[in-house]
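In the text below, chain A, chain B and the rest are named by the order of the sequence lines, each starting its count at 1.
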2 protein chains.
Amino acid sequence: MFFAKRQRTLIFRVNGYLLSLIAMFDLLFKHISKRVTLSSSELEFLTTVFIPKKIRKKQYLLQEGEICKWMTFVSKGCLRSYTLDAEGKEHIVQFAIEDWWIADMYSYLTGEPSEYIIDALEDSELLMLDIKGKETVLENIPAFEKFLRMLLESNHIASHRRLHTMMTKTAEEKYLNFIHSYPQIMQRVPQHMVASYLGISPETLSRVRKQILATK
Amino acid sequence: MFFAKRQRTLIFRVNGYLLSLIAMFDLLFKHISKRVTLSSSELEFLTTVFIPKKIRKKQYLLQEGEICKWMTFVSKGCLRSYTLDAEGKEHIVQFAIEDWWIADMYSYLTGEPSEYIIDALEDSELLMLDIKGKETVLENIPAFEKFLRMLLESNHIASHRRLHTMMTKTAEEKYLNFIHSYPQIMQRVPQHMVASYLGISPETLSRVRKQILATK
DNA sequence: AAATGGCATTGACATATGTCAATGCTCTTT
DNA sequence: AAAGAGCATTGACATATGTCAATGCCATTT
């Protein structure tokens, strides 16, 4: 009786795990298929190279001074990357939610220690690709080169746009721009982190929001 | 006599033109070879796809509202891309000197009209690649996909770094950072354009420089 | 139910940077 | 040689945003 119960539990666990794995890879496949078409054997190959990982809220994925070993695809949850300045203040560089990637590409590509920190803002599910894995995929799946190139092109455009708003817009415009571009993220992360991402103080963001509410 | 003279001149011109063409492509070849190895027939193929162009100081390469049809490799000279804001003030997004690329990738990839302007700050020599050409190259030279991916990776890193300094540094730090990273450009372009690139006013840059000279 | 920690808000005040206007320099054009 | 354009510098002043400190709210933990 005891045994049977244990076994059932185990099977449930294994089933649950497999189901969640399937869902994770399913999102990755859809993500890639938006840009290039892979054969089913190629997709299957990906499952042997990406490392699935679950991570709890507040856990680190990368700590300052470590080498960033992974390009990480977020299949569930929310992470951020940030730096600490001389005064120990956080500056958030990026949020990543489902269907996005996060990494310190500088550290990843050069092998230099990272100045960034990546941690989880929610319990999250990740698919991680190390340099070796990336090379294997590039060797075995020609279209993946194209996929990466196109991903980087999108990224390039987004970076330029962000830089431009950072340089030329007021705090209010930055905020309006943010809630327009990323309404989901605004809901999910604390306001002071959005402020940090926008490069303004939490107090200023609070005042900007008050101001906006007043005028409409 | 008259004829003979004309002919000699013509030959000189043609020779000069060919020599300059060779130099232009030579730089492009070296640029590409830093990242991937191409066969000589592949290199030769590139000369049939890239369009050489000379452009005089102050000429436009892209005007606001036009579609950006070209990815442009600068083999000589200096260009900039910038926007005009609501008050008509210039915001410089990028400088490009020899061995760099310039384009509005958003417009180039989507075919939407550009919000950017690209013009020459010096007489310049360019090698230009339109979308059709890019596709042809990608079809005929597999390694070019890898080259583009790696170029975009470098770009990605540089954008992140720039964004970070824009967000977290003072005017003085931005300036010091700039002259450290791009001493050549500082020499070649007017100071107020550097200010614009750094997102600060020309007056502030002037004061920052004075301040730096005083303290050392 | 009480205690705690994280967070947003608000007010008073400080400051870096922008704006405007004047001056003078240097180089090119006439 | 004169004129003009483009540019860097400087001073006076304006302002957006940051900093510091206090308050109160809400959710989670004990």
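For B:Lys89 and C:dT19, the shortest distance from a side-chain N or O to OP1 or OP2 is below 4.0 Å.
Computed from C1' positions of five pairs at each end, the angle between the two local axes of the helix from C:dA1-D:dT30 to C:dT30-D:dA1 equals 40°, rounded to 10 degrees.
One side chain, A:Ser20 or A:Lys54, offers a donor N or O that lies under 3.5 Å from an acceptor on the other. Of the N and O atoms on the side chains of B:Glu173 and B:Thr170, at least one donor lies less than 3.5 Å from an acceptor on the other residue.
Ring centers of B:Phe144 and B:Phe147: under 6.0 Å apart, within the cut-off. Here B:His160 and B:His164 keep their ring centres 6.0 angstrom or further from each other. Proximity of the aromatic rings of A:Trp100 and A:Tyr182 is defined here by a centroid distance below 6.0 angstrom, and this criterion is met.
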Intermediate values then yes/no, side-chain contact (heavy atoms from CB on, under 4.5 Å), B:Lys58 and B:Asp119 | CA-CA 6 Å; B:Lys58 298 202 180 183; B:Asp119 64 11; over 6 Å; no
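Within residues 160-187 of chain B, no residue is approached by DNA chain D to less than 4.0 Å at the level of any non-hydrogen atom.
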Could you give the side-chain donor-acceptor pairs of residues 126-135 of chain B under 3.5 Å, partners two or more places apart or in another chain?
{"residue": "B:Asp130", "atom": "OD1", "partner": "B:Lys132", "partner atom": "N", "Å": "3.4"}
{"residue": "B:Asp130", "atom": "OD1", "partner": "B:Gly133", "partner atom": "N", "Å": "2.6"}
{"residue": "B:Lys134", "atom": "NZ", "partner": "A:Glu153", "partner atom": "OE2", "Å": "2.9"}

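The ring pair (Phe, Tyr, Trp, His ring centres under 6.0 Å) test applied to B:Phe73 returns B:His31, B:Trp101, not counting sequence neighbours. Remark: B:Phe95 engages B:Tyr197 in a ring pair (Phe, Tyr, Trp, His ring centres under 6.0 Å) (not counting sequence neighbours).
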In the 5'-to-3' direction, what one-character label does each nucleotide of nucleotides 8-15 of chain D receive under the scheme B = base within less than 4.0 Å of a protein heavy atom, S = sugar-phosphate only, - = no such atom?
-> SSBBB---
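For B:Ser107 against B:Cys68, the heavy-atom pair with the smallest separation is OG-N, 2.8 Å.
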